[in-house]
Amino acid sequence: MLAETNFTAAFPVVEPVVRLRDFSRSFGANTVIDGLNLSIAPGEFVALLGRSGGGKTTLLRTLAGLDSVQGQDVLIPSSRAVVFQDARLLPWKKVWRNVALGLKGPGVRERAEAALNEVGLGHRIDAWPLTLSGGEAQRVALARALVREPKLLLLDEPFAALDALTRIKMHALVLELWRVHRPAILMVTHDVDEAVALADRILVLDAGRIVAEEHITVQRGERGDVGRVLRQRLLGHLGCEVTSEHFLSAVDVGASIVPFPQGASA
Amino acid sequence: MPKSTQLHRRIASLFSGHWVSPVVFLILWEAGSRLGLIPKSTLAAPSAVIGTLVEMLATGELPDNLFVSFLRVAAGLVIGLSIGITLALAAGLSRQGEAAIDPIMQIKRTIPTLALTPLFIVWFGIGETPKVALIAFASIFPVYLNLYSGIRGVDVRLIEGARSFGLSKTEVIWHVILPGALPSLLVGLRYSLSVSILVLVVAEQINASAGLGYLVNNARDFMRTDIIVVCLLVYAALGLGADGLVRLIERRALAWRPNLAEA
Ligand SMILES: Nc1ncnc2c1ncn2[C@@H]1O[C@H](COP(=O)(O)OP(=O)(O)OP(=O)(O)O)[C@@H](O)[C@H]1O
Ligand SMILES: [Mg+2]
């Protein structure tokens, strides 16, 4: 078995980019995150799964520095960037100015252009954001995040609003960008297959705690078999019973970049 | 498509155009005047109005008085818009500002500006000051209300997105909040402009010795309905001009909107 739990040897003792110790967050009487411990190594790709309302966005907002942490033990890098489910481009700024938002110094347009070329949108550099398709807008959001060379890239269901085909392309793009820039990534997703296809480590958040943790050491693209087992386990953690027929219908996808145990083979 | 149907359609659309009914109205009006159904002291004929307009332009009577009125509106607007925008920024961008300013503005909203005319005459006399002051006072509110709610209505998700990239508070205001509130500001500007012209009409009834209102008052005394109609046309043109001006600004400033961006 190549996918193991409590597997730590792959991550030698380096200073983590993210470290939360016994972190809690509540809204009034509603405790959303409850004594959570988390550390993310530099360049690690972590996927965060969990039920709706389980506190994933709340955790991500803390890591993005959007909420005050009230003196708790929270270490986050100063260079970080977020891609939200909605691209959140400023409609009154042309695409390249959105990418360059907050950047200072000379050659800002060139930097923005380089980032846009990386996501394949160099030709839309002077477009207005409202004229972009959903997938294009999300790619601009990725460019905007990556142009800052963040140590930590936070993705909150970045592909949830995209169609299946665009999503698969985005997965490939994210992986490529991750390989080139090597930020640590924390990606919130509802899609177990997405998590299995992309991440080094998968966390399941429930009732404010991490209830399961899975490390994946199999190469991306060769995760068909392992993925199927993992998928079932993760769905179990998420409290979703899956009948065995669900799995038997799946076929290996072999060379495809993103192994979808279910959808992509059809 | 066959040519004949195309032509047919073109003719049909020509006669369903929006210009048809006004033209019919004008023809009926002219005919009524010529036939003596509409006495000159009640309403001058369109042709007479045009004649008077040309004459008043030639003698400089209309341009001179229009200029006086224009200065009043301009002065009132500059003062009113500055105050309105300043107050809206203060109330929109800070909690203390909101607590201090908004309640007063809401109270002010309940008072019809024109009802203040007698008070303004008592305070400022019957010269230029009360006229300009009334216009200024009236034009504060539309621009205040719209800009204030525009600032408050800026999508918090965009503000958060910008904050997540480490933008400072000032940068967020500059790059996100102000551009986001600009469409509302322009709506407010349009209302303020039309209100200012409305107030101008009334304010110039206060013992004016020049201006459009003066022309109207004089014409009334001499039952010159042609001059009155000319002045009405000028008021309408002022309103249209103000609207066109804001539209022009909108086209420039809001080029990012998709319906405009495509064009
Ligand atoms: N600002 C807030 N004020 C009050 N309650 C909040 C606030 N933000 C989040 N919550 C509550 O915290 C809980 C967790 O919300 P959160 O958005 O983190 O869930 P999530 O895991 O991201 O869910 P989803 O998968 O649906 O996006 C929810 O019950 C939500 O109602
Ligand atoms: Mg969420």
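In what follows, chains carry the letters A, B, and so on, assigned in the order in which the sequence lines appear, proteins first and then strands, with residues in each chain numbered from 1.
- In this structure, chain A has a heavy atom under 4.5 Å from the side chain of B:Glu171, while its backbone stays farther away.
- Heavy-atom distances place the side chain of A:Lys93, and not its backbone, under 4.5 Å from chain B.
- Looking at A:Asn98, there are no atoms closer than 4.5 Å to chain B (heavy atoms on both sides), in backbone or side chain.
- With a 4.5 angstrom heavy-atom cutoff, B:Ala253 does not touch chain A via any of its atoms.
- Identified under the side chain to side chain donor-acceptor pair (under 3.5 Å) test for residues 137-152 of chain A, with sequence neighbours left out: A:Glu149-A:His181.
- Checked for salt-bridge contact, B:Glu98 and B:Arg95 meet the test: a charged N lies under 4.0 Å from a carboxylate O.
- Contact tally against chain A (heavy-atom pairs below 4.5 Å) for B:Gly161, B:Pro179, B:Gly180: the top residue is B:Pro179.
- By the 4.5 Å heavy-atom criterion applied to side chains, B:Leu254 and B:Ile249 are not counted as neighbours.
- Contact of A:Leu103 with chain B is not made at all, since no heavy-atom distance falls under 4.5 Å.
- Looking at heavy atoms from C-beta onward, B:Ile159 lies out of side-chain contact with B:Asp155 at the 4.5 angstrom threshold.
- Inter-residue side-chain proximity for B:Tyr144 and B:Asp102 is flagged as met; some heavy-atom pair is nearer than 4.5 Å.
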